[in-house]
Amino acid sequence: MKGVREGWGRLWVCWTLCAASFPGIAADNGAALFAERCAPCHQPQGQGLDGRYPPLTHLEDWLATEDGRHYIARVVMHGFAGPIEVGEQTYDGLMLTYRWRLKDPQIMAVLNYVAETLNTPPSGYVPFDLSLLGSVRAQKMPDAEVMALRNRLPSR
């Protein structure tokens with residue numbers, strides 16, 4: 001048993017040293033950031049968790065519009081509280097704000113990962129960029145206004 005523990009200890013030290021040696025590699029990796037920050041609630045494939053966290057799939061109609069992209073970016077940047085409906089399911093989880101947890105390039109990487117990997121980018125899709133995130137960061141909206149924006153979007 002001692003050998004197994006030593007082996008895991010060596011592996012941990014090696015992994016830690018490798019990660020510390022290349023801090024910029026994972027900083028903007030949308031897949032890695034999604035797995036670390038989003039998947040615990042929204043699940044690894046973005047399928048959501050019944051009643052708590054909505055799926056991050058089937059967003060194509062929203063990704064095709066400026067309002068949809070703004071809504072998605074606002075919820076990630078500023079968080080959201082309150083029940084929402086997706087299809088026939090009501091979700092009543094709390095989306096934490098990531099405005100202080102991640103830098104804009106990291107948020108952009110996660111949003112583009114969700115848009116381009118967990119969804120099929122629609123015709124006319126424009127990737128999330130730092131300009132959009134900068135404007136969203138500067139304009140905090142109350143949850144009621146975010147919900148009003150959501151209600152103008154196509155149903156999911």
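Heads up: numbering here begins at 1 and tracks the sequence.
Side-chain contact between L111 and I72 is present, with at least one heavy-atom pair separated by less than 4.5 Å. Between D67 and R152 there is a side-chain heavy-atom pair separated by less than 4.5 Å. Inter-residue side-chain proximity for L96 and L94 is flagged as met; some heavy-atom pair is nearer than 4.5 Å. Between H70 and S135 there is a side-chain heavy-atom pair separated by less than 4.5 Å. Between T97 and M77, the closest side-chain pair of non-hydrogen atoms is not below 4.5 Å. Put simply, the side chain of V76 reaches to within 4.5 Å of the side chain of M95, judged on heavy atoms. Looking only at side-chain heavy atoms (C-beta outward), H78 and V136 come within less than 4.5 Å of each other. Side chains of I84 and P54 form a contact here, defined as non-hydrogen atoms less than 4.5 Å apart.
Salt bridge D104/R137: present, at least one basic N to carboxylate O contact under 4.0 Å.
Closest heavy-atom contact between F80 and M147: CZ-CE, 3.6 Å. V110 approaches L33 most closely through the heavy-atom pair CG2-CB, 3.4 Å. Closest heavy-atom contact between D92 and P83: OD1-N, 3.4 Å. Between R156 and T57, the closest heavy-atom pair is NH2-O, 2.7 Å. Minimum heavy-atom separation, L49 to C41: CB-O, 3.8 Å. The heavy-atom pair separating N119 from L59 by the smallest distance is OD1-N, 2.8 Å.
For E116 and Y125, the side-chain atoms include at least one donor-acceptor pair closer than 3.5 Å.
In the hydrophobic clustering, where aliphatic and aromatic side chains (Ile, Leu, Val, Met, Phe, Trp, Tyr) are joined below 4.5 Å either directly or transitively, W100 stands alone.
To the nearest 0.5 Å, atoms CD (E85) and OH (Y91) are separated by 10.5 Å. Here the CG-CD distance, from L118 to Q45, works out to 6.5 Å after rounding to the nearest 0.5 Å. A distance of 13.5 Å separates CZ of R52 from OG1 of T90, quoted to the nearest 0.5 Å. In this structure, E145 CD and R74 CZ are separated by 8.5 Å, a value rounded to the nearest 0.5 Å. In this structure, the separation between CG on L63 and OG on S123 is 12.5 Å, given to the nearest 0.5 Å. If you take CZ on R37 and CD on Q106, they are separated by 7.0 Å, rounding to the nearest 0.5 Å.
Residue K103 qualifies as open at atom NZ: its count of foreign heavy atoms under 6.0 Å is 12 or below. Residue-environment remark: CD (Q89) exceeds the threshold of 12 foreign heavy atoms within 6.0 Å.
Relative to the ring axis of W62, R69 does not place its NZ or CZ within 45° and under 6.0 Å from the centre.
In this structure, N112 contributes its side chain and F128 its backbone to a donor-acceptor pair below 3.5 Å.
Ring geometry for H42 versus Y53: interplanar angle over 60°, hence perpendicular rather than tilted (30 to 60°).
V126 and M108 fall into different hydrophobic clusters, where Ile, Leu, Val, Met, Phe, Trp and Tyr side chains are chained together by heavy-atom contacts under 4.5 Å.
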Let me see the working for E60 and T120 under side chain to side chain contact (heavy atoms under 4.5 Å, CB included), right down to the final yes or no.
CA-CA 7 Å; E60 289 82 3; T120 302; 3.8 Å; yes
